[in-house]
Amino acid sequence: MHASWTPEDMPGQDGRSAVVTGANGGIGYATVRALAAAGAEVLLTGRDAERVRAAAVRLTGEVPGARVRPEVLDLADLESVAGFARRLADAGHPVDLLVNNAGVMGVPERRTTEDGFELTFGVNHLGHYALTGRLLPLLLRAPAPRVVTVSAALSRSPIAELSDPQSTHKYRPMAAYAKSKLANVLFARELQRRADVVGAALTSVAVHPGSSLTGLQRYASRPVRTLARLTLERFVGQPVERAAWTPLYAATAPGVVPGGFYGPTGRFEERGAPGPVELPLLTADSALARGLWELSEDLTGVRYPWPVPRPAR
């Protein structure tokens, strides 16, 4: 890790294709813009067709010559996930990079997705689990595919535990968010473990972007959002553009460790240059990771089409 890594250190991305979820604003948009500026062809996805198209128009104005395509993808609807994957499969192009960025936080009361999952867990984890599985054949056709799953520092909190993953017995907004973010890290590491078993040349990492004012705060009251803007952007955290540096680093930098966890390396990991950070303690529990994977299989019906393991010589 270069101590002062910035997107200017990113290798050229010409010839690479990327999919970024939740990309019509916030960290997702900043990620797409940097990848497009480096030469990648990027699918800018979101659940609202008008906002996704507007974001693509805005980006092509900011980055002349950018190869960006808007695509509707609603992670709260498994049929939308499957339809998106079918469209990509029909096009037949490999996917070099998948950035699982979209998320919801602080939903005031327990809500459910189109498929009946608790909304926060359903979007932040199950939607991305299903999407990655649906895109796995296209990822494995790329020479060096990467999957970057955006978690949060809150994944290390005591409230991040999976005894009740869908908050069926008790719903608390930030506890629901924390458990979904722990699930993100467990998923990223279990994905790497399973890729290693079959000898797939896939790199899966989890990241947290530090503190920044993004669309995640949309459920907060106006005074809270105003206070967040003052504190997160000026004193504690960092602007959205810099918050995107960690996923960009994980997506493109040489030397990224498969199965690793990356975040800002400044004070309290709120801001600063990206680098390795401490994993949540519960990610050491391999049985928990396997159990989450099997639960995700059962809930979504998505089973990953891994290639047959190569025989040992």
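The shown structure was predicted, so the numbers you read here are calculated from the model rather than taken from an experiment.
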Within a strict 4.5 Å, meaning less than it, do heavy atoms of the [X] and [Y] side chains meet?
X: V52; Y: R47; value: no
X: P276; Y: V257; value: no
X: L292; Y: Y129; value: no
X: M105; Y: M174; value: yes
X: P254; Y: P11; value: yes
X: V302; Y: R134; value: yes
X: P305; Y: P137; value: yes
X: L97; Y: L35; value: yes

Side chain of [X], backbone of [Y]: donor and acceptor closer than 3.5 Å?
X: N184; Y: A206; answer: no
X: R110; Y: S167; answer: yes
X: T60; Y: V57; answer: yes
X: T203; Y: P258; answer: no
X: T283; Y: L279; answer: no
X: E114; Y: S80; answer: no

By side-chain hydrogen bond (donor to acceptor under 3.5 Å, both in side chains), which residues pair with R194, not counting sequence neighbours? E190
[X] [atom1]: over 12 foreign heavy atoms closer than 6.0 Å:
X: I159; atom1: CD1; result: yes
X: E109; atom1: CD; result: yes
X: R156; atom1: CZ; result: yes
X: E62; atom1: CD; result: yes
X: R87; atom1: CZ; result: yes

Atom [atom1] of [X] and atom [atom2] of [Y]: how far apart are they, to the nearest 0.5 Å?
X: L202; Y: L191; atom1: CG; atom2: CG; result: 5.5 Å
X: D164; Y: Y171; atom1: CG; atom2: OH; result: 12.0 Å
X: L282; Y: K179; atom1: CG; atom2: NZ; result: 12.0 Å
X: R271; Y: F268; atom1: CZ; atom2: CZ; result: 12.5 Å
X: L138; Y: S17; atom1: CG; atom2: OG; result: 8.5 Å
X: L44; Y: L73; atom1: CG; atom2: CG; result: 11.0 Å

Salt-bridge present (R111, E118; N to O < 4.0 Å): no
Hydrophobic cluster identity match, [X] and [Y], side-chain contacts under 4.5 Å:
X: L154; Y: V277; result: no
X: L75; Y: Y304; result: yes
X: L186; Y: L98; result: no
X: V95; Y: W306; result: yes

Residues which pass ring-ring contact (aromatic ring centres under 6.0 Å, His included) with F261, listed by chain and number, not counting sequence neighbours: H208
Over 60° means perpendicular and under 30° means parallel, so tell me whether W293 and F187 are parallel, tilted or perpendicular. parallel
Just to verify, what does A76 make a side chain to side chain contact (heavy atoms under 4.5 Å, CB included) with, not counting sequence neighbours? D74, T113, L119, V123
For P165, check side chain to side chain contact (heavy atoms under 4.5 Å, CB included) against everything at least two apart and list the hits. F121, L162, L295
Kindly indicate, with the supporting measurements, whether the criterion side chain to side chain donor-acceptor pair (under 3.5 Å) is fulfilled by R189 and Q192. CA-CA 5 Å; R189 289 175 60 78; Q192 186 64 61; over 6 Å; no
Do any side-chain atoms of residues 140-153 form donor-acceptor pairs under 3.5 angstrom with protein atoms, and if so which ones, sequence neighbours left out?
from, atom 1, to, atom 2, distance (Å)
R141, NH1, G92, O, 3.0
R141, NH2, G92, O, 2.9
R146, NH1, A250, O, 2.8
R146, NH1, A253, O, 3.0
R146, NH2, A253, O, 2.8
T149, OG1, N100, ND2, 3.3
S151, OG, K181, O, 2.8

Checking side chain to side chain donor-acceptor pair (under 3.5 Å) for the pair S163/E161: CA distance, chi angles, key distance, verdict? CA-CA 6 Å; S163 61; E161 55 84 30; 2.6 Å; yes
Closest approach of L131 to F84 (non-hydrogen atoms, all atoms of both residues): CD1-CD2, 3.7 Å
Y177 six-ring centre to R172 NZ/CZ under 6.0 Å and within 45° of normal: no
Identify all side-chain donor-acceptor contacts of residues 18-26 below 3.5 Å with residues at least two apart in sequence or on another chain.
from, atom 1, to, atom 2, distance (Å)
T21, OG1, N101, N, 2.8
T21, OG1, A102, N, 2.8
T21, OG1, H128, NE2, 2.9

